Asks: 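Take a look at this one; I'll ask things after.
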2 protein chains.
Amino acid sequence: MNSRLAVATHILTFIETLAGQPATSELIASSVNTNPTLIRRLLSQLAKAGLTTSQMGSGGGALLARPADQITLRDVYGAIDDDGEVFALHDQPNPQCPVGRNINAVLKTRIAAAQQALRDELAKTTIADMAHDVAAQNLLAAKA
Amino acid sequence: MNSRLAVATHILTFIETLAGQPATSELIASSVNTNPTLIRRLLSQLAKAGLTTSQMGSGGGALLARPADQITLRDVYGAIDDDGEVFALHDQPNPQCPVGRNINAVLKTRIAAAQQALRDELAKTTIADMAHDVAAQNLLAAKA
DNA sequence: CATATATGTATCCATATCTGTTACAGATAT
DNA sequence: ATATCTGTAACAGATATGGATACATATATG
């Protein structure tokens with residue numbers, strides 16, 4: 001799979017840890033270890049979904065559009081995944097076959113249920129949780 | 001996403017509806033509306049996972065290796081998906097950044113939970129369910 | 001035994017997706 | 001004015017996917 005959910009979550013968690021200071025795409029990119037364009041592409045999608053806002057120009061950057069405890073990984077997934085389909089159906093099964101004629105209708109509901117379960121689980125984690133867990137990891141490492 | 005889970009489920013459901021008669025890759029391919037090689041590739045994976053058996057030669061074909069009510073969509077997913085990862089992490093975040101250093105460890109558990117929820121939901125559906133639902137759809141259509 | 005049938009697998013190809021990169025117009029602070 | 005920063009287009013390389021051909025191997029049947 002692609003790593004866009006991971007990178008988008010990284011971006012948001014990073015912005016949250018800056019505690020209100022605007023994050024430039026270059027700064028975020030150095031944390032993710034990729035290039036600023038990829039970050040801006042994802043930020044563009046996050047902004048369209050209402051999760052972030054960006055300020056152009058000097059001193060600008062990205063901020064969270066709402067509190068970190070009100071942004072879940074489900075929101076992130078919804079923002080970066082256009083169709084939200086983990087599994088695809090096969091195009092045009094044979095309509096002359098009793099199985100081919102109906103398989104997609106039957107599969108569709110089962111797959112939808114599975115994807116719903118995935119989203120429900122993602123909804124349990126907020127960006128605030130992520131930032132908290134990352135901070136806790138750092139404390140652990142500092143003590144060791 | 002790819003449609004391998006859909007096609008593999010189609011294959012197994014098709015075999016089940018044949019009720020013990022071996023299904024050739026060509027016959028299955030005509031129901032799925034693809035080519036026999038793709039079917040054989042997937043059957044090869046299903047056989048390795050212990051879900052089907054195949055008989056070479058004249059009169060041969062594929063059979064279920066165990067009763068249809070003992071094969072779940074989770075089994076199918078496990079058979080056709082090599083790593084079973086819906087989401088990937090991003091390679092090598094910046095270890096010098098407090099966020100980059102820990103994001104993957106934190107994300108990993110959250111993503112694993114989501115994928116587990118997906119698999120648990122898939123486990124609720126068996127190939128017997130699929131065959132039953134497909135048959136029910138045909139009855140409905142016949143009455144209409 | 002010879003033949004037809006069918007699987008298992010390798011190889012090739014076209015297309016799509018993903019990630020990284022460069023480039024540049026537009027917005028904004030100083 | 002100028003430097004900074006976003007938004008987006010365009011392009012390239014790598015990988016995944018689905019489709020197609022080919023052929024060695026296994027097996028039932030006459």
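Residue numbers start from 1 in every chain, and the chains themselves are labelled A, B, ... in the order their sequence lines are given, proteins ahead of strands. On a predicted model such as this, the values are computed, not experimentally measured, just so you know.
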Asks: Please give, in whole Å, the distance from C/dT9 P to B/Leu46 CG?
Replies: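 Whole-Å distance recorded here is 13 Å.
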Asks: In whole Å, I'd like the distance from the CD atom of B/Gln55 to the C1' atom of D/dA26.
Replies: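 After rounding, the gap between these two atoms is 9 Å.
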Asks: Taking CG from B/Leu42 and C1' from D/dA16, how many angstroms apart are they, rounded to a whole number?
Replies: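 Rounded to whole Å, this separation is 14 Å.
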Asks: When you get a sec, tell me which of D/dG18, C/dA29, C/dG26 is the closest nucleotide to the side chain of A/Met56?
Replies: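 So the nucleotide nearest the side chain must be C/dG26.
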Asks: Compare side-chain N and O positions of B/Ser54 against OP1 and OP2 of C/dG8 and report whether any pair is under 4.0 Å apart.
Replies: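 Checking B/Ser54 against C/dG8: at least one side-chain N or O falls below 4.0 Å of OP1 or OP2.
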Asks: Without decimals, in angstroms, what is the distance between B/Leu5 CG and D/dT17 C1'?
Replies: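 Taking atom C1' of D/dT17 as the reference, CG of B/Leu5 is at 15 Å.
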Asks: Which residues, if any, of residues 22-40 of chain A bring a heavy atom under 4.0 Å of DNA chain D?
Replies: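 Within this stretch, A/Ala23, A/Thr24, A/Ser25, A/Thr37, A/Arg40 sit under 4.0 Å of the strand.
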Asks: Once you round it to whole Å, what is the distance between C1' of C/dG8 and CD of B/Gln45?
Replies: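 Roughly 13 Å, once rounded to whole Å.
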Asks: Would you say the side-chain atoms of B/Asn138 and A/Arg101 include a donor-acceptor pair closer than 3.5 Å?
Replies: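 On atom types as modelled, these side chains qualify, holding a pair under 3.5 Å.
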Asks: What nucleotide among C/dT19, D/dA26, D/dT8 has an atom nearest to a side-chain atom of A/Arg4?
Replies: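 Nearest to the side chain of A/Arg4 among the choices is C/dT19.
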Asks: If I take atom CD in residue B/Gln21 and atom P in nucleotide D/dA28, what distance separates them, rounded to the nearest angstrom?
Replies: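 In whole Å, D/dA28 P lies 16 Å from B/Gln21 CD.
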Asks: Based on Watson-Crick and G-U pairs with both distances under 3.5 Å, what dot-bracket line describes DNA chain C 5' to 3', crossing pairs as [ ] and inter-strand pairs as |?
Replies: ||||||||||||||||||||||||||||||
Asks: Tell me which nucleotide among D/dT4, D/dG18, C/dC18 gets nearest to the side chain of B/Arg41.
Replies: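 Nearest listed nucleotide: D/dG18.
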